[in-house]
Amino acid sequence: GDAVRAAVGQSLAGASETAAKALGDAATPVIGKLSGVVQAASDAEDSMRKAGQWFAWKWVAVATGGLAGVCLVAYVALAWQLHEVGSLSDEKAKLAAAIVRERATVAELTRAGGRVVWSTCGGRLCFEVSSNQGTSPDGNPIPLGGWTIDNGHVATVIPKGY
């Protein structure tokens with residue numbers, strides 16, 4: 001009994017050692033492969049982290065560029081509007097000065113008794129005139145132009161420039 005037990009125990013010990021060795025030999029490539037997979041996962045994690053950081057910087061750069069673009073467009077629009085306001089102010093000042101001159105001219109004409117009646121002669125601006133234009137130095141009457149209105153009863157002239 002004891003010898004059988006010892007032999008069985010020795011066989012089991014040998015089998016156990018062989019099984020452990022076989023298991024170790026079989027596990028070595030698997031562990032090596034798992035180790036490679038773990039290393040690849042670690043490398044991929046580092047790569048993903050770097051890509052994420054690079055993406056974050058790209059996003060910040062794009063956001064900064066977009067904000068700068070919006071600011072530039074707003075600045076250009078504001079500068080253009082200020083230029084236009086300046087131009088309109090200059091034009092308003094010129095028109096106001098012209099109105100003052102025109103009012104002075106109308107006031108002078110009114111004081112001098114001028115009551116000009118404007119009309120259209122052949123598509124051009126004209127005004128009524130007196131048929132008595134005075135006489136030339138030789139005593140002859142000064143002739144009028146050939147324009148009339150009211151069926152030829154009212155003589156008119158076309159001012160220079162019209």
Side-chain angles (χ1 to χ4, degrees), residues 23-162:
L23 184 59
D25 289 345
T28 299
V30 172
I31 289 173
K33 286 182 182 179
L34 283 175
S35 179
V37 168
V38 168
Q39 184 61 40
S42 178
D43 292 346
E45 179 186 12
D46 287 343
S47 178
M48 290 289 286
R49 185 178 301 116
K50 288 177 184 176
Q53 289 172 347
W54 179 241
F55 178 75
W57 280 108
K58 280 184 179 179
W59 187 86
V60 168
V62 166
T64 302
L67 182 60
V70 167
C71 289
L72 180 64
V73 167
Y75 175 77
V76 168
L78 183 61
W80 179 77
Q81 287 177 355
L82 289 175
H83 170 73
E84 289 297 311
V85 166
S87 296
L88 290 174
S89 294
D90 292 345
E91 189 175 338
K92 179 182 175 186
K94 289 177 185 176
L95 290 173
I99 289 171
V100 168
R101 284 192 309 272
E102 296 296 326
R103 284 183 179 162
T105 301
V106 168
E108 182 63 30
L109 282 172
T110 302
R111 275 193 295 275
R115 289 175 282 294
V116 177
V117 178
W118 293 93
S119 190
T120 304
C121 300
R124 296 168 66 187
L125 188 62
C126 63
F127 58 90
E128 296 179 15
V129 293
S130 170
S131 60
N132 180 5
Q133 296 293 307
T135 57
S136 65
D138 63 357
N140 294 324
I142 296 175
L144 289 175
W147 295 102
T148 60
I149 59 173
D150 198 19
N151 292 327
H153 297 352
V154 178
T156 61
V157 293
I158 297 173
K160 185 175 182 177
Y162 293 92

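The structure displayed is predicted, hence computed values, not measured ones.
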Would you list the pairs meeting disulfide bond (SG atoms under 2.5 Å apart) in which at least one residue belongs to [range], sequence neighbours left out?
range            : answer
residues 105-134 : Cys121-Cys126
residues 28-65   : none
residues 30-99   : none

Please collect all side-chain hydrogen bond (donor to acceptor under 3.5 Å, both in side chains) contacts where either partner lies in residues 89-105, sequence neighbours excluded, each pair once. none
The test is side-chain contact (heavy atoms from CB on, under 4.5 Å); show your working for Met48 and Glu45 and say whether it passes. CA-CA 5 Å; Met48 290 289 286; Glu45 179 186 12; 5.7 Å; no
Tell me every residue that passes side chain to side chain contact (heavy atoms under 4.5 Å, CB included) with Val117, counting only those two or more places apart in sequence or in another chain.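 Val117: side chain to side chain contact (heavy atoms under 4.5 Å, CB included) contacts with Glu128.
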Mind checking side chain to side chain contact (heavy atoms under 4.5 Å, CB included) for Asp43 and listing every partner two or more places apart, or none if nothing turns up? Gln39
Taking only residues two or more places apart in sequence or in another chain, which ones pass side chain to side chain donor-acceptor pair (under 3.5 Å) with [X]?
X      : value
Asp46  : Arg49
Gln81  : none
Asp138 : Ser136, Asn140

Roughly how far, to the nearest 0.5 Å, is CG of Leu95 from CG of Leu88? 10.0 Å
Does anything in residues 110-143 form a ring-ring contact (aromatic ring centres under 6.0 Å, His included)? List the pairs, not counting sequence neighbours. Trp118-Phe127
